[in-house]
Asks: 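Sharing a structure here in C-alpha cells format.
Every chain is numbered from 1 and lettered A, B, ... according to where its sequence line falls, protein lines coming before strand lines. Because the structure is a prediction, the values reported are computed rather than measured.
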Protein chains: 2
Amino acid sequence: MLSKKTKYAFHALTYLGKNRDQKTVLIQDISNEYGISHKFLENILLELKKAGILGSKKGKGGGYYLIKDPKDVALSKVIRLLDGPIALLPCVSLNYYEPCVECKDEAACGLNKVMIQVRDEMLNVLENKTLADILDKE
Amino acid sequence: MLSKKTKYAFHALTYLGKNRDQKTVLIQDISNEYGISHKFLENILLELKKAGILGSKKGKGGGYYLIKDPKDVALSKVIRLLDGPIALLPCVSLNYYEPCVECKDEAACGLNKVMIQVRDEMLNVLENKTLADILDKE
DNA sequence: ATAAAACCTATTTATTTTATAGGGTAAAAA
DNA sequence: TTTTTACCCTATAAAATAAATAGGTTTTAT
C-alpha cells in the first residue's frame with residue numbers, strides 16, 4: 001500500500017496541475033482542499049521541490065507551482081521519492097536493491113524470479129503513466 | 001514491500017514443497033534452515049493451516065505438511081493471507097476495499113483509475129503463478 | 001518596518017510489524 | 001497409563017516505521 005505521504009503528494013500534484021493558470025498556489029489551499037495537515041504537507045512539497053518537480057516562491061504572494069510538464073512526471077518517480085521501493089522484495093528493487101538476509105543464493109531463488117516479473121508489470125504502468133494521465137481523467 | 005511474515009511463509013512453503021516425500025516436517029527444521037524465530041514461524045504456519053494450505057500432525061513424529069498441490073497455491077493467496085491487500089490503494093482493493101477518506105468522488109479520481117491498472121497487472125502474475133512455479137526454479 | 005509565506009531541523013506521537021512468553025491440548029510411543 | 005513431543009492459542013513486549021507537530025529562520029511584497 002502507498003503511504004499517506006505519497007497519496008498526499010499525488011493530491012497536491014493534481015491540485016497544482018489543475019491550477020497551472022495561477023502563478024502560485026498556497027500550501028494552505030491544498031491542505032484545506034484535501035483536509036491534510038498544513039505542516040505535514042509542507043514537508044511533502046519540500047521533497048517534491050528538491051526533486052525538481054515543483055518550484056516555489058517565498059514571501060508574500062509566494063507559493064508553489066509545477067515546474068515540470070505533467071506529462072514528464074512519471075508516477076513511479078513520485079512513489080519512489082516519498083515511499084521508496086516499488087518492488088515487493090528488496091532483492092528485486094532497481095533503485096533500492098538489498099539482498100534478502102535469509103537468502104543463500106539469489107540466482108537459485110524461485111521467489112526472486114516471480115517478483116521480478118511483478119515488478120516489471122508494475123513499472124510498465126507506473127513508468128509510463130504520468131501526472132498528465134491523472135489530470136485527464138478528472 | 002512484502003512483510004517478513006509473508007516472505008517467511010513463502011520460504012516455509014518452498015521447504016515443505018521440496019520435502020513432500022517426508023510425511024511431516026518440523027517447525028524447527030524450517031526455522032533452522034532460514035534462521036527464523038521458531039515461535040514467529042509457528043504463528044505463520046498456523047495461519048497457513050487455517051487457510052487450508054497446510055495440514056499438521058500432533059504428537060511424536062508429528063509436524064507440518066503441504067495439503068494442497070503446489071500448482072493450486074496461488075501466490076496472491078499467500079500474500080493476502082499474511083499481508084492483506086495487494087493493491088496500492090484501499091479504494092482499488094478487491095478483497096480489502098475501503099474508500100479513501102480524503103476522496104470526494106471516486107468515479108472522478110484519476111489516481112484511482114491508474115491504480116486499478118497497476119492492481120490488474122500485479123494480479124495477472126500473482127494469481128497465475130503458484131508455489132509450483134517457485135519450486136520449479138529451485 | 002511589517003506581514004505573509006516558504007524553508008529547515010528536530011522532536012513527539014501513533015501505528016504497525018516483529019518477536020517473545022508461557023501455558024494448554026492432543027497424539028503417539030513406550 | 002504415563003511421558004514425551006509438538007501443535008495450538010492468547011497475550012504482551014520490543015522495535016521499527018509512519019504520521020504529525022513544533023518552533024524558529026529566511027525571503028519577498030507592500
Asks: Would you indicate which nucleotide in dC9(D), dA19(C), dA29(C) comes nearest to any side-chain atom of Tyr8(B)?
Replies: dA19(C)
Asks: Would a 4.5 Å heavy-atom cut-off, applied to side chains only, mark Leu13(A) and Leu135(A) as touching?
Replies: no
Asks: Would you say Lys49(A) reaches dC7(C)'s phosphate, i.e. side-chain N/O to OP1/OP2 under 4.0 Å?
Replies: yes
Asks: Between the side chain of Asn32(A) and the main-chain N/O of Asp29(A), is any donor-acceptor distance below 3.5 Å?
Replies: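 Not a single qualifying donor-acceptor pair exists.
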Asks: Can you tell me the distance, in whole Å, between the NZ atom of Lys5(A) and the P atom of dT16(C)?
Replies: 17 Å
Asks: Please report the distance, rounded to the nearest Å, between CD in Glu47(B) and P in dT18(C).
Replies: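 Between P of dT18(C) and CD of Glu47(B): 12 Å.
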Asks: Can you check whether Ser37(B) has a side-chain N or O nearer than 4.0 Å to OP1 or OP2 of dT20(C)?
Replies: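 Yes, Ser37(B) has a side-chain N/O under 4.0 Å of OP1/OP2 on dT20(C).
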Asks: Send over the distance from Leu54(A) CG to dA6(C) C1', rounded to a whole Å.
Replies: 12 Å
Asks: Which part of the nucleic acid, if any, lies within contact of Lys7(A), taking any heavy atom under 4.0 Å across all strands shown: a base, the sugar-phosphate backbone alone, or nothing?
Replies: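 Nothing: the residue Lys7(A), judged by heavy atoms under 4.0 Å, touches no strand.
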Asks: Given atom CD1 of Ile44(A) and atom P of dA19(D), what is their separation to the nearest angstrom?
Replies: 9 Å
Asks: Looking at every strand, decide which applies to Lys4(A) at a 4.0 Å heavy-atom threshold: base, sugar-phosphate, or nothing.
Replies: sugar-phosphate
Asks: With heavy atoms under 4.0 Å as the rule, sort Leu45(A) into base, sugar-phosphate or nothing.
Replies: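 Here Leu45(A) touches no strand at all.
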Asks: Quick check: on DNA chain D, is the nucleotide nearest Gly59(A) upstream (toward 5') of the one nearest Lys58(B), or the reverse? Name the residue that is more 5'.
Replies: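 Checking each residue's closest nucleotide, the 5'-ward one belongs to Lys58(B).
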Asks: Roughly how many Å is it from CG in Asp83(B) to P in dT17(D), rounded to a whole number?
Replies: 15 Å
Asks: Roughly, in whole Å, what's the span from CD1 in Ile27(A) to P in dA4(C)?
Replies: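 To the nearest whole Å, that distance equals 16 Å.
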Asks: OP1 or OP2 of dC8(D) versus the side-chain N and O atoms of Tyr64(B): is any pair under 4.0 Å?
Replies: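 It does, given that an N or O in the side chain of Tyr64(B) lies less than 4.0 Å from OP1 or OP2 of dC8(D).
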Asks: If you look at every strand shown and take non-hydrogen atoms under 4.0 Å, does Glu42(A) touch a base, only sugar-phosphate, or nothing?
Replies: base
Asks: Quick one: which residue pairs count as a salt bridge (Lys or Arg N to Asp or Glu O under 4.0 Å) with a foot in residues 1-14 of chain A, not counting sequence neighbours?
Replies: Lys5(A)-Glu47(A), Lys7(A)-Glu102(B)
Asks: Please report the distance, rounded to the nearest Å, between NZ in Lys23(A) and P in dA29(D).
Replies: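 For the pair Lys23(A) NZ and dA29(D) P, the rounded distance is 10 Å.
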Asks: Within the supplied structure, the quantity of interest is the number of heavy atoms (other residues, nucleotides, ligands) at a distance under 6.0 Å from Lys23(A) NZ; does it exceed 12?
Replies: no
Asks: Rounding to an integer number of Å, can you tell me how far Phe40(B) CZ sits from dA13(D) C1'?
Replies: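 Distance check: Phe40(B) CZ to dA13(D) C1' gives 14 Å.
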Asks: Choosing from dA19(D), dA29(D), dA26(C), which nucleotide comes nearest the side chain of Lys57(A)?
Replies: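 Between dA19(D), dA29(D), dA26(C), the one nearest the side chain of Lys57(A) would be dA29(D).
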Asks: Which of these nucleotides, dG24(D), dC9(D), dT9(C), is closest to any side-chain atom of Lys39(A)?
Replies: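 Nearest to the side chain of Lys39(A) among the choices is dG24(D).
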Asks: If the cut-off is 4.0 Å, is Ser3(A) near the phosphate of dT17(D), judged by side-chain N/O to OP1 or OP2?
Replies: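 Checking Ser3(A) against dT17(D): no side-chain N or O falls below 4.0 Å of OP1 or OP2.
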Asks: Which residue pairs pass the ring-ring contact (aromatic ring centres under 6.0 Å, His included) test with at least one member in residues 18-53 of chain A, sequence neighbours excluded?
Replies: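 Residue pairs with at least one partner in residues 18-53 of chain A: Tyr8(A)-Phe40(A), His11(A)-Tyr34(A).
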